[in-house]
Amino acid sequence: AQKVTQAQTEISVVEKEDVTLDCVYETRDTTYYLFWYKQPPSGELVFLIRRNSFDEQNEISGRYSWNFQKSTSSFNFTITASQVVDSAVYFCALVQGGSEKLVFGKGTKLTVNP
Amino acid sequence: DSGVTQTPKHLITATGQRVTLRCSPRSGDLSVYWYQQSLDQGLQFLIQYYNGEERAKGNILERFSAQQFPDLHSELNLSSLELGDSALYFCASSPTGVGNTGELFFGEGSRLTVL
C-alpha cells in the first residue's frame, strides 16, 4: 500500500527565512512518481514538481528546491528566502507506476509573516 | 490558470438532493480525474476516466457516479446528499495518465455545501 506522511501540520516563519517541508513516503514499487502541490487560500491546487523514482537528482527552481532521497524515502521541499505569497498549504503526493491513484499527504500549512 | 474548468464554483443544497458537477479538461488531455477534499479525509481520489472509459476507481460512494463524454468533458453526479458530502470537489486532467509520464493539472474546484 502507498502512504505519504507530512508530519508537520503547520509551520510559521518570518519573511526571508528558509523553510523545509518534510515528506516521507511508503511504497513497495520500484517505479513511482512523487509530486508537490501548492494550495493557496484561494483554494486551487497548483502543480509544483513531479519526480520519478529513478531520478534522485535534486532540483532547484528559483527559490524552490527539492531533495529526493530514496534511502530515507523522503522528498523534502525547501523554500529559500520565504515570502508572504508563499503562504499556502503544501501537499506531497505519490503514485505507483502504471496506477492512476495519486495518494496525497495531509498537507503542511505554511504561514509566512511579514 | 491550469486550463481545467470546473462549474459551478460554489453550490449550496439540502440533504437528500442531487447535484451535478461539470469539468472541462485541458485541451488535448484524455484523462479526467475527480478528487474530494474534506477536512477530515483530506484529498481523496474518487474516479478516473480515459477517453470516455472508466479506468480507475477510488473511494467513491455508491451514491456518486461519473461519466466522460465524447467531447472529453466529465460530470460527477452526487445523489441522496448527506451533510458529510460537503467538501471541495476537484477535477484534474492529464494528457496520458498520472502513473505514466503525465502530470496532473487541477481545476479550481467546486465547493459543495449540504445543509
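We name chains A, B, ... by the order of the sequence lines, and we start the count at 1 in each one.
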- Item | Among A:F91, A:Y37, A:F47, the one residue meeting ring-ring contact (aromatic ring centres under 6.0 Å, His included) with B:F106 | A:Y37
- Message: Quick check: is B:F90 connected to A:V89 through a chain of hydrophobic side chains (ILVMFWY, heavy atoms under 4.5 Å apart)?
- Response: yes
- Please check if B:Y35 and A:W36 belong to a single hydrophobic cluster, counting links between Ile, Leu, Val, Met, Phe, Trp and Tyr side chain heavy atoms closer than 4.5 Å. no
- Query: Can you hop from A:Y33 to B:F45 via hydrophobic side chains spaced under 4.5 Å?
  - Reply: yes
- Query: What do you reckon, is NZ of A:K109 surrounded by more than 12 foreign heavy atoms closer than 6.0 Å?
  - Reply: no
- Query: What is the distance from atom CG of A:L48 to atom CD of B:E103, rounded to the nearest 0.5 Å?
  - Reply: 11.0 Å
- Query: By a 4.5 Å heavy-atom criterion (distance strictly below it), what part of B:L88 contacts chain A: side chain, backbone, both, or neither?
  - Reply: side chain
- Neighbour count >12 (heavy atoms, 6.0 Å) for atom NZ, B:K57: no
- Are the side chain of B:Y33 and the backbone of A:L102 linked by a donor-acceptor contact shorter than 3.5 Å? no
- Message: How long is the straight-line distance from CD of A:E100 back to CZ of B:R55, given to the nearest 0.5 Å?
- Response: 7.5 Å
- Query: Any side-chain heavy atom of A:V95 within less than 4.5 Å of one from B:L104?
  - Reply: no
- Let me know if B:D40 has heavy atoms under 4.5 Å from chain A in its side chain, its backbone, both or neither. backbone
- Query: Any link between B:L81 and B:L46 through a network of hydrophobic side chains (Ile, Leu, Val, Met, Phe, Trp, Tyr) touching at under 4.5 Å?
  - Reply: yes
- Relative to chain A, which segment of B:Q41 carries a heavy atom at a distance below 4.5 Å: side chain, backbone, both, or neither? backbone
